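Notes for the one structure printed next.
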Amino acid sequence: MKIVFAGTPDFAVAPLQKIKESGFDIVGVITQIDKPQGRKGILTPPPVKKAAETWGIPVLQPEKIKEHVEDVQALGGDLLVTCAYGQILTQAVLDSFPMGVWNIHAGLLPKYRGASPIQSCILNGEKTTGVSIMKTELGLDCGDVLCVVEIPILETETYGELSERLSHLGADLIVQALGLLQSGTYTLTPQSEEGVGVVRKINKEQAKIDFSKPVAEVINLIRGMNPAPVAYAVSEGNSLNVYRAERAVMTAEEEEICKTAVYGEVLTDKPKRGLLVKCQDGAVKLTEVQASGGKRMSGGDFLNGRKVKKGQVFVC
RNA sequence: CGCGGAGUAGAGCAGUCAGGUAGCUCGUCGGGCUCAUAACCCGAAGGACGGGGGUUCGAAUCCUUCCUCCGCAA
């Protein structure tokens with residue numbers, strides 16, 4: 001069974017590696033073209049390409065895969081595994097693999113179809129998530145499911161941390177799935193028509209913190225946006241990236257101040273108490289922040305440098 | 001040449017424009033007050049001011065050059 005793997009970001013590297021280490025024959029990797037990265041705009045190959053090259057696997061980087069179907073076919077694969085590839089496949093591509101095209105999806109179906117299942121789970125305060133292996137069809141993540149594992153989301157887990165866990169989970173699961181496909185003994189489960197949901201790509205606008213919301217929602221936003229695109233608060237024209245936060249436990253004095261404070265107001269100027277900000281139902285403590293041009297630091301350090309003062313307000 | 005910020009004590013910052021003994025807050029250590037404390041009071045240690053070169057009687061500060069870190073945008 002000859003396998004072609006289509007994937008792009010870090011998330012896809014672990015599955016690719018696991019497939020390779022499990023002894024499957026990977027005849028080619030398809031990934032996105034190199035893109036300019038960072039301040040200098042240096043052309044950088046995607047993580048999957050780097051990995052594939054170190055293992056000597058042929059790499060294909062079509063700018064538009066639908067215009068290079070014959071190149072894909074030339075790889076001679078029986079089966080295509082997709083994992084966060086980043087391009088929509090056409091029927092011609094799907095038809096190029098006798099044993100089908102299978103997708104590793106980092107979320108439970110049908111509720112979390114779409115581009116941002118991991119982040120969206122955290123933003124929604126879900127308690128569990130999972131990885132699904134499904135048939136890739138023309139519609140958006142609507143194919144029949146081959147297998148799925150569900151895991152709990154940890155209380156303080158960030159998008160980056162959960163993503164890494166799911167990546168390894170997906171790696172294990174795809175290897176199992178390939179075993180099933182090879183043996184030919186498997187059953188497909190159509191997705192329920194109830195509770196279908198589509199989550200779209202996350203943009204920076206969604207990452208702005210709204211302190212008029214409940215503490216739990218604010219914290220979920222911060223978790224779900226770490227490490228990218230990163231939640232941020234704005235005050236006096238400056239933006240402050242927020243990487244981590246927790247529910248504030250206030251002193252009696254702070255409780256008093258909080259009662260009359262407006263949403264987004266800084267409740268204390270004592271570095272030891274931390275950067276406390278009023279929300280709808282209490283206060284949130286921003287524990288890891290980064291101002292533009294500065295390093296990441298604790299909320300206490302940020303307060304100590306006096307870049308924000310007690311009573312200053314982050315706009316909602 | 002995409003736009004911009006920053007390198008000063010263990011940490012976060014001021015001081016740089018108008019060169020002249022190195023400052024603030026936090027932490028650390030010692031002492032005091034207190035039933036007690038993350039609170040308060042007193043004291044101490046700790047810095048070749050990112051590196052090189054230049055101007056000057058004298059440079060954290062002015063000129064020049066190199067290095068490093070970071071935000072935005074893509």
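Not measured: the values here are computed from a predicted model. Every chain is numbered from 1, with letters handed out A, B, ... down the list of sequences.
When Watson-Crick and G-U wobble pairs are counted only if both distances are under 3.5 Å, B/G30 pairs with B/C42. The partner of B/C17 is absent, by the rule that a Watson-Crick or G-U pair needs both atom distances under 3.5 Å. In a base pair of the Watson-Crick type (N1 to N3 plus N6-O4 or O6-N4) or a G-U wobble (N1-O2 and O6-N3), with each distance short of 3.5 Å, B/C3 is matched with B/G71. Across all strands shown, B/C62 pairs with B/G54; the Watson-Crick or G-U wobble distances both stay below 3.5 Å.
Note on A/G274: nothing from the nucleic acid sits closer than 4.0 angstrom, heavy atoms only. Looking at heavy-atom distances under 4.0 Å, A/N304 makes contact with a base.
For the P atoms, the distance from B/A38 to B/C29 is 12 Å, rounded to whole Å. Look at the C1' atom in both B/A60 and B/A22: the space between them is 9 Å, to the nearest Å. Look at the P atom in both B/C41 and B/G27: the space between them is 12 Å, to the nearest Å. Atom P of B/A48 sits at a distance of 8 Å from the matching atom of B/G10, rounded to the whole Å. To the nearest whole angstrom, the two P atoms, one in B/G7 and one in B/G12, are 11 Å apart. To the nearest whole angstrom, the two P atoms, one in B/G47 and one in B/A9, are 10 Å apart. B/C63 and B/A74 have their C1' atoms separated by 35 Å, with the value rounded to a whole Å. The C1' atoms of B/G15 and B/C1 are separated by 34 Å, rounded to the nearest whole Å.
Scanning all heavy atoms of the two residues, the minimum distance from A/Q312 to A/S235 falls at NE2-OG, 2.8 Å.
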Criterion side chain to side chain contact (heavy atoms under 4.5 Å, CB included) on A/Q87 and A/I65, from CA distance to verdict: CA-CA 7 Å; A/Q87 288 195 46; A/I65 191 167; 3.7 Å; yes

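Nearest-nucleotide positions on RNA chain B place A/M297 closer to the 5' end than the other of A/M297 and A/Q37.
Looking at heavy atoms from C-beta onward, A/M134 lies out of side-chain contact with A/C147 at the 4.5 angstrom threshold.
For A/K204, the side chain to side chain contact (heavy atoms under 4.5 Å, CB included) partners at least two apart in sequence or on another chain are A/P229, A/V230, A/Y232, A/N241. Remark: A/Q280 pairs with A/P214, A/Y263 by the side chain to side chain contact (heavy atoms under 4.5 Å, CB included) rule, at least two apart or across chains. Residues that satisfy the side chain to side chain donor-acceptor pair (under 3.5 Å) test with A/E150, not counting sequence neighbours, are A/T128. Annotation: side chain to side chain donor-acceptor pair (under 3.5 Å) contacts of A/T185 (sequence neighbours excluded): A/S183.
Between the CG atom of A/N238 and the P atom of B/C72 there is a distance of 13 Å, given to the nearest Å. Regarding A/K40, its NZ atom lies at a distance of 13 Å from the P atom of B/C3, rounded to whole Å. As a whole-Å value, the separation of A/E288 CD from B/A11 P is 17 Å. Atom CG in A/D269 sits about 11 Å away from atom C1' in B/U25, given to the nearest Å. Put simply, CG on A/L275 is 21 Å from P on B/U25, counting in whole angstrom units. A/I42 has its CD1 atom 19 Å from the P atom of B/A73, to the nearest Å. With rounding to whole Å, A/K270 atom NZ is found 21 Å from B/C24 atom P. Straight-line distance from the CD atom of A/E254 to the C1' atom of B/A39: 13 Å, rounded to whole Å.
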Short N/O separations, protein against nucleotides 68-71 of chain B, under 3.5 angstrom:
| from | atom 1 | to | atom 2 | distance (Å) |
| --- | --- | --- | --- | --- |
| B/C70 | O3' | A/Q290 | NE2 | 3.3 |
| B/C70 | O2' | A/G294 | O | 3.0 |
| B/C70 | N4 | A/R39 | NE | 3.0 |
| B/G71 | O4' | A/G293 | N | 3.3 |
| B/G71 | O3' | A/N241 | ND2 | 3.4 |
| B/G71 | N7 | A/R39 | NH1 | 2.7 |

Atom pairs, protein N/O to nucleotides 31-33 of chain B N/O, distance under 3.5 Å:
none

Are there any protein N/O atoms within less than 3.5 Å of an N/O atom in nucleotides 35-38 of chain B, and if so, which ones and at what distance?
| from | atom 1 | to | atom 2 | distance (Å) |
| --- | --- | --- | --- | --- |
| B/A38 | O3' | A/K272 | NZ | 3.0 |

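Annotation: salt bridge (charged side-chain N to carboxylate O under 4.0 Å, His left out) contacts involving residues 50-70 of chain A, sequence neighbours excluded, are absent. Contacts classified as salt bridge (charged side-chain N to carboxylate O under 4.0 Å, His left out) and involving residues 257-266 of chain A (residues at least two apart or in different chains) are given here: A/E256-A/K259.
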Enumerate, atom names and distances included, each donor-acceptor pair closer than 3.5 Å involving a side-chain atom of residues 3-24 of chain A, sequence neighbours excluded.
| from | atom 1 | to | atom 2 | distance (Å) |
| --- | --- | --- | --- | --- |
| A/T8 | OG1 | A/Y85 | O | 2.6 |
| A/Q17 | NE2 | A/E21 | OE2 | 2.9 |
| A/K18 | NZ | A/D172 | OD1 | 3.2 |
| A/S22 | OG | A/K18 | O | 2.7 |

Result block: side-chain N/O donor-acceptor pairs under 3.5 angstrom for residues 105-118 of chain A, not counting sequence neighbours:
| from | atom 1 | to | atom 2 | distance (Å) |
| --- | --- | --- | --- | --- |
| A/H105 | NE2 | A/Y112 | O | 2.6 |
| A/K111 | NZ | A/E126 | OE2 | 2.7 |
| A/Y112 | OH | A/N124 | ND2 | 2.9 |
| A/Y112 | OH | A/E126 | OE2 | 2.6 |
| A/R113 | NE | A/D141 | O | 3.2 |
| A/R113 | NE | A/Q191 | OE1 | 2.9 |
| A/R113 | NH2 | A/Q191 | OE1 | 2.8 |
| A/S116 | OG | A/S120 | OG | 3.0 |
| A/S116 | OG | A/R200 | O | 2.6 |

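Taking the ring centre of A/Y243 as origin, the terminal cationic atom of A/R296 falls inside the region bounded by 6.0 Å and 45° from the ring axis.
Members clustered with A/F302: A/L123, A/I202, A/I209, A/F211, A/V215, A/V218, A/I219, A/L221, A/I222, A/M225, A/L240, A/V242, A/V266, A/L275, A/V277, A/V284, A/L286, A/V289, A/M297, A/L303, A/V308, A/F314, by chain and number, using a 4.5 Å side-chain heavy-atom cutoff among hydrophobic residues.
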